[in-house]
Number of protein chains: 2
Amino acid sequence: MQNLKKIGLKATTPRLKILELFQNSTQRHLSADDVYRSLMIENQDIGLATVYRVLAQFEQAGILSRNYFAGNDAGGVSGGGGGRAVYELADAQHHDHLVCLDCGKVEEFFDADIEAKQHAIAKTKGFALADHALSLYAHCTKKNCPSKHVAA
Amino acid sequence: MQNLKKIGLKATTPRLKILELFQNSTQRHLSADDVYRSLMIENQDIGLATVYRVLAQFEQAGILSRNYFAGNDAGGVSGGGGGRAVYELADAQHHDHLVCLDCGKVEEFFDADIEAKQHAIAKTKGFALADHALSLYAHCTKKNCPSKHVAA
DNA sequence: GTATATGCAAAACTTTTGCATCCTT
DNA sequence: AAGGATGCAAAAGTTTTGCATATAC
């Protein structure tokens, strides 16, 4: 609540509820539609457009970070527009993602060597690295993967 | 032309022209719309839907590979649907991409250490790596960057 | 009281699909 | 001749925007 004012945003119900959702949800990575639907379930009458606006503001404020998981189909990516964005709380340190191709679960990892190499590569090519996106797409080899429990 | 039959596709004008476009274009990375527009300029009356279909077929056949450059805005990403896909000839070895945030230019690189690390990370977490996407977003520090020549 | 936010609906985009027609084999 | 391929238009999805109304400070 005070957080919001600090970044120049009024403490409105939509913003409070969305922030709360990210802090309390068991799912760390949420799409705009996930957020919208969760709010609907809580009987919060918040428009989808507002969700997008708040998400964008939070990202710009550094509260959330946005990712695109392109190769993912397990999560329910079907129709039209390429792939949707998912947001996560930007509380922890920087990390990259490993997405399970079978169940859609997302794991996070950080590797200092890879990070360092990325900077070195950019520098060598005459660039100053500003950002990067690294996603691994993989199949789970453990029996406890959710997809293993479903009769296909 | 023989190539197409080999993969079970009829040698039609759209497919020939699109393949030719990728082989002759100075731009290595093309979106569906780029392809469509280039064909229009050549007075080839090929529908956008066909472009998408052919691109998908070529990707499945291993002739092209698809990438998503999310953080990129310089290339003209504006409106609705998140981000568009770009295709490139899958002739060279596997590589990742470095995208200039100023002019949108795309450079390619390959780093064996990063590749190895990715596999190791997936394995450690109990996954078998199937695919990955790594894109670096950076600012050009050279004076010969196209964006440096434009009065902002 | 005023500026900012919200909600709704419509628009902007990318990608996919249905269907009649056309072209390759 | 036959079946796959194309084109057009419409649909499906995600994200953005315009505008009148409601809300926070």
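Numbered from 1 within each chain, the chains take letters A, B, ... in sequence-line order. No hydrogens, no waters, no symmetry mates; every other heavy atom, side chains included, goes into these values.
Using a 4.0 Å heavy-atom criterion, one finds that B:Ala56 contacts no nucleic acid atom at all.
A salt bridge links B:Arg28 with B:Glu108: at least one charged nitrogen is closer than 4.0 Å to a carboxylate oxygen. Looking at B:Lys117 and B:Asp111, no side-chain N of the basic residue comes within less than 4.0 Å of a carboxylate O on the acidic one, giving no salt bridge.
Spacing between atom OH of B:Tyr68 and atom P of D:dT14 amounts to 13 Å, rounded to whole angstrom units. Rounded to whole angstrom, the span from the CG atom of B:Asp33 across to the C1' atom of C:dT16 amounts to 16 Å. With rounding to whole Å, A:Lys17 atom NZ is found 16 Å from D:dT23 atom P. Atom CG in A:Leu4 sits roughly 14 Å away from atom C1' in D:dC25 (whole-Å rounding). In this structure, CG of B:Leu9 is placed 14 Å from C1' of D:dG3, rounded to the nearest angstrom. The CG atom of B:Asp34 sits 13 Å away from the C1' atom of C:dT14 (whole-angstrom rounding). With rounding to whole Å, A:Gln57 atom CD is found 12 Å from C:dT4 atom P. Taking atom NZ of residue A:Lys10 and atom C1' of nucleotide C:dA5, one finds them 7 Å apart after rounding to whole Å.
Proximity of the aromatic rings of A:His132 and B:His97 is defined here by a centroid distance below 6.0 angstrom, and this criterion is not met.
Looking at which nucleotide of DNA chain C each of A:Arg15 and A:Tyr36 is closest to, the 5′-most match is held by A:Arg15.
Donor-acceptor pairing under 3.5 Å, judged by distance alone, is absent between the side chain of B:Arg53 and the base of D:dG4.
Phosphate proximity of C:dT16 to B:Tyr52: absent, as no side-chain N or O sits under 4.0 Å from OP1 or OP2. OP1 or OP2 of D:dT6 has at least one side-chain nitrogen or oxygen of B:Thr12 nearer than 4.0 Å.
With values rounded to the nearest 0.5 angstrom, A:Gln27 atom CD is found 12.0 Å from A:Lys105 atom NZ. Here the straight-line distance linking atom NE2 of A:His29 with atom CG of A:Asn67 works out to 6.0 Å at 0.5 Å rounding.
If you check residues 40-51 of chain A against DNA chain C, the residues with a heavy atom closer than 4.0 Å are A:Asp45, A:Ile46, A:Gly47, A:Ala49, A:Thr50, listed by number.
If you check C:dT6, C:dT16, D:dT6 against the side chain of A:Pro14, the one that comes closest is C:dT6.
In the helix from C:dG1-D:dC25 to C:dT25-D:dA1, the terminal helix axes, each the rotation mapping four pairs' C1' atoms onto the next four within five end pairs, subtend 30°, rounded to 10°.
Counting non-hydrogen atoms of other residues, nucleotides and ligands closer than 6.0 Å to CD of B:Gln60 gives a total of 12 or fewer.
Using a 3.5 Å distance cut-off with no hydrogens or angles, the side chains of B:His95 and B:Glu107 do not pair a donor with an acceptor.
In this structure a side-chain-to-backbone donor-acceptor pair under 3.5 Å is present from B:Arg15 to B:Lys10. Put simply, the side chain of B:Thr141 gets close to the backbone of A:Gly126: a donor and an acceptor are under 3.5 Å apart.
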